[in-house]
K.L.:
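First, the structure itself, so that you have it in front of you.
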Amino acid sequence: MTPLRVGNFSGFYGDRSSALREMLTGGEVDVLTGDYLAELTMLILGRDRLKDPGAGYARTFARQLEDTLGLAHERGVRIVTNAGGLNPAGLADKVRELAERLGIPVRVAHVEGDDLTAAYPGTLAAHAYLGGFGIAECLRAGADVVITGRVTDAALVTGPAAAHFGWGPGDHDQLAGAVVAGHLLECGTQVTGGNYAFFQDGDARRPGFPLAEIHADGSSVVTKHPGTGGFVDTGTVTAQLLYETGGARYAGPDVTARLDTVRLRQDGPDRVRIEGVRGEAPPPTLKVGLNRLGGFRNEVAFVLTGLDIEAKAELVRGQMDAALAKAAPDEVRWELARTDRADADTEETASALLRLVVRDADPEVVGRGLSGAAIELALASYPGFHVLAPPGKGSPYGVFDHVAVPHGAVDHVAVLHDGRRIDVAAPQETLPLGEVPEPELPEPELPEPLHVARTRRAPLGHVAGARSGDKGGDANVGVWARSADAWPWLAHELTVERFRELLPEARDLPVTRHVLPELRALNFVVTGILGAGVAAQHRFDPQAKALGEWLRSRHLDIPEDLL
């Protein structure tokens with residue numbers, strides 16, 4: 001059977017708007033997938049729905065279809081997207097209206113049942129992560145466009161693959177292979193050189209969007225259209241495999257994929273083959289993401305320039321004490337970012353930032369009265385006083401949490417293009433998640449005798465790549481050895497204790513290390529470093545996007561043979 005060519009044209013709400021046309025015109029493809037949803041996006045769409053009950057979906061998708069729907073129909077390319085967000089039926093109607101206006105005979109279906117908001121009072125959005133079999137039902141019935149709400153990102157690929165190859169719920173290995181392919185595609189150009197640690201290995205200025213050639217046994221090749229920018233190699237694929245994952249078991253509603261079985265090999269220029277993926281029955285529960293408003297926050301960024309930075313920071317903090325005591329916000333946080341340099345040749349590089357962040361359930365407590373108190377110091381504080389923005393009122397922030405519910409608690413329904421509704425059965429076979437025994441570490445390759453071992457102080461990033469991301473309040477940092485020779489050293493050197501030394505922000509937090517020898521990788525999960533999730537803006541980098549790059553910049557004693 002010929003492989004199914006599945007491409008991606010969106011990795012987030014706000015991605016390159018021209019990508020859908022680029023993927024349709026750049027080469028052969030059977031199905032195009034668009035991923036628009038993230039934890040923060042669900043909160044944004046929830047606030048949209050508060051203002052307009054008919055909203056709640058990604059409006060940009062409908063705009064992208066204006067000049068591409070006819071092209072997709074002409075070329076027989078099906079489109080599957082989670083742009084439906086909180087209102088997949090509403091977006092499906094919008095696409096039907098567009099098709100009718102343009103005179104294009106397109107069959108539009110949607111998937112629903114993920115919305116559990118009514119069961120969780122106080123939330124803006126509560127949605128179960130559904131699997132791919134609702135999508136598969138729509139495609140099997142002849143849909144050209146399938147709109148979903150909150151499905152897992154990988155389900156956008158497992159659904160079309162299951163429909164094409166006739167896989168059922170018990171085809172765990174095949175489904176697991178498609179989950180891995182889906183995870184590689186879901187973030188768009190992150191697998192074709194975008195956000196890549198070694199971006200200088202190729203032309204990363206405008207990476208092309210990826211596609212996967214999926215085979216009937218679940219194996220796949222990740223590539224991109226000829227002539228597009230970026231590059232695909234085992235490094236870019238490893239980086240994306242580690243992104244926002246944890247241990248060896250990557251659980252989903254259809255299958256649990258074993259990441260410790262994934263094998264990668266270069267299969268030609270811009271082609272990486274993924275083989276050997278094993279799957280297990282999915283866990284007996286579904287993840288439900290809960291988004292709610294957490295309160296209000298305000299921020300003042302004081303600019304401190306030149307000499308005596310610490311003393312200037314101490315002065316203004318003392319001057320704000322009275323206003324903070326009067327307002328008494330629930331949370332007060334000061335952070336001094338020493339971005340200044342000695343003897344700098346520009347004013348900006350001579351300056352540091354002192355950030356004051358306050359939070360409270362009452363918007364008045366963190367409103368203009370408090371930020372105005374900072375501005376009142378303009379002529380009465382440290383020399384060179386200025387701030388980055390005028391006083392403002394408090395703005396709402398969100399909180400993300402998640403719970404688990406049995407599969408049977410969700411009515412997973414495929415609503416076909418002709419209006420028929422098909423119930424999607426819960427998996428008959430499930431398997432509770434368990435810890436995978438840690439694999440044996442490779443033998444350390446040390447010179448003999450030991451006293452002649454030569455090391456040099458250098459950044460970890462000279463021998464290892466990293467990619468980091470967020471899952472609620474937790475962050476993961478995937479680290480992989482760039483060469484086979486560096487893997488034994490990395491596996492023994494980068495322990496949890498050393499990780500905490502290198503990233504002091506994790507020193508007092510739970511850190512779990514997972515070993516993935518097939519990928520020459522270590523995956524660290526730092527629990528609680530992001531507080532209540534990205535919308536709460538708990539830290540300077542609220543989605544931990546650059547946590548891995550910070551780690552790569554830290555210096556270690558590295559064997560000279562590896563440098």
Side-chain angles (χ1 to χ4, degrees), residues 1-9 11 29-35 77-82 111 129-140 143 146 148 151-188 190-191 209-223 232 237 240-241 243-245 248-264 267 271-283 286 412 414 424 427 429 431 518:
M1 181 176 282
T2 58
L4 179 71
R5 294 173 61 87
V6 181
N8 172 278
F9 64 87
V29 66
D30 301 309
V31 178
L32 283 177
T33 63
D35 182 9
V77 177
R78 292 171 154 186
I79 296 174
V80 179
T81 179
N82 60 18
V111 176
Y129 289 70
L130 302 180
F133 281 103
I135 296 169
E137 290 287 357
C138 294
L139 293 172
R140 286 168 179 157
V146 181
T148 79
V151 296
T152 64
D153 300 339
L156 300 176
V157 173
T158 60
H164 182 76
F165 295 114
W167 298 337
D171 293 318
H172 295 143
D173 290 345
Q174 293 92 327
L175 289 167
V179 163
V180 169
H183 179 58
L184 291 171
L185 296 186
E186 70 186 53
C187 291
Q190 274 200 171
V191 77
F209 277 68
L211 60 92
E213 300 166 357
I214 303 174
H215 295 266
D217 64 354
S219 65
S220 62
V221 173
V222 171
T223 183
V232 180
V237 171
Q240 179 57 25
L241 270 177
Y243 182 64
E244 295 184 343
T245 60
R249 285 192 166 100
Y250 187 59
D254 297 323
V255 68
T256 294
R258 290 289 298 262
L259 298 184
D260 54 348
T261 64
V262 178
R263 297 197 307 271
L264 308 178
D267 196 44
R271 293 176 61 84
V272 172
R273 185 169 294 277
I274 298 99
E275 298 174 310
V277 186
R278 301 301 301 272
E280 299 170 343
L286 294 173
H412 188 176
V424 179
E429 182 185 357
L431 180 68
E518 290 284 353

K.L.:
Decide side chain to side chain contact (heavy atoms under 4.5 Å, CB included) for Val157 and Ile214; before the verdict, give the C-alpha distance in whole Å, the side-chain angles of both, and the deciding distance to 0.1 Å.
P.N.:
CA-CA 9 Å; Val157 173; Ile214 303 174; 3.4 Å; yes
K.L.:
First locate atom OG1 of Thr158, then atom CG of Asp254, and finally report the distance between them rounded to the nearest 0.5 Å.
P.N.:
5.0 Å
K.L.:
Using every non-hydrogen atom in the two residues, find where Val424 and Ala414 come nearest and quote the distance to one decimal.
P.N.:
CG2-N, 4.3 Å
K.L.:
Check whether any side-chain heavy atom of Glu518 lies under 4.5 Å from a side-chain heavy atom of Thr261, and answer yes or no.
P.N.:
no
K.L.:
Who pairs with Asp153 by salt bridge (Lys or Arg N to Asp or Glu O under 4.0 Å), at least two apart in sequence or on another chain?
P.N.:
Arg150
K.L.:
So Leu156 and Val80, side chain to side chain contact (heavy atoms under 4.5 Å, CB included) or not? Walk me through it.
P.N.:
CA-CA 6 Å; Leu156 300 176; Val80 179; 3.9 Å; yes
K.L.:
Please check: side-chain N/O of Asp173 versus main-chain N/O of Arg278, any donor-acceptor pairing under 3.5 Å?
P.N.:
no
K.L.:
Of Val31, Val146, Leu32, which meets side-chain contact (heavy atoms from CB on, under 4.5 Å) against Pro160?
P.N.:
Val31
K.L.:
Can you list, pair by pair, the side-chain donor-acceptor contacts under 3.5 Å of residues 162-170, counting residues two or more places apart and other chains?
P.N.:
from: Trp167; atom 1: NE1; to: Ala216; atom 2: O; distance (Å): 3.2

K.L.:
List in chain and number order the residues that pass salt bridge (Lys or Arg N to Asp or Glu O under 4.0 Å) with Glu213, two or more places apart in sequence or in another chain; answer none if no residue qualifies.
P.N.:
Arg5, Arg271
K.L.:
Provide the closest heavy-atom pair for Phe209 versus Asn8 in the form atom of the first, atom of the second, distance.
P.N.:
CB-O, 3.2 Å
K.L.:
What's the spacing between Arg249 CZ and Leu259 CG if we round to 0.5 Å?
P.N.:
11.0 Å
K.L.:
Would a distance-only check, ignoring hydrogens and angles, find a side-chain to backbone donor-acceptor pair under 3.5 Å from Thr81 to Asp35?
P.N.:
no
K.L.:
Hey, can you pull the donor-acceptor pairs under 3.5 Å for the side chains in residues 176-187, sequence neighbours left out?
P.N.:
from: His183; atom 1: ND1; to: Glu186; atom 2: OE1; distance (Å): 3.2
from: His183; atom 1: ND1; to: Tyr250; atom 2: OH; distance (Å): 3.4
from: His183; atom 1: NE2; to: Gln240; atom 2: O; distance (Å): 2.9
from: His183; atom 1: NE2; to: Leu241; atom 2: O; distance (Å): 3.3
from: His183; atom 1: NE2; to: Tyr243; atom 2: O; distance (Å): 3.2

K.L.:
Counting only pairs under 3.5 Å, give me each side-chain donor-acceptor contact of residues 131-138, with atom names and distances, residues two or more places apart or in other chains.
P.N.:
none

K.L.:
If you measure from CG on Leu130 to OG1 on Thr148, what distance do you get to the nearest 0.5 Å?
P.N.:
8.0 Å
K.L.:
Taking salt bridge (Lys or Arg N to Asp or Glu O under 4.0 Å) as the definition, give me every residue that meets it alongside Arg263, ordered by chain and number, with sequence neighbours left out.
P.N.:
none
K.L.:
Going by the side-chain contact (heavy atoms from CB on, under 4.5 Å) test, name the single residue among Val191, Leu211, Val232 that passes it with Thr223.
P.N.:
Leu211
K.L.:
Verify side chain to side chain contact (heavy atoms under 4.5 Å, CB included) between His215 and Glu275, making sure each step is shown before the conclusion.
P.N.:
CA-CA 10 Å; His215 295 266; Glu275 298 174 310; over 6 Å; no
K.L.:
Of all heavy-atom pairs between Thr152 and Pro253, which one has the smallest distance, and what is that distance?
P.N.:
CG2-CD, 3.4 Å
K.L.:
Donor-acceptor check, side chain of Arg258 to backbone of Glu280, threshold 3.5 angstrom: yes or no?
P.N.:
no
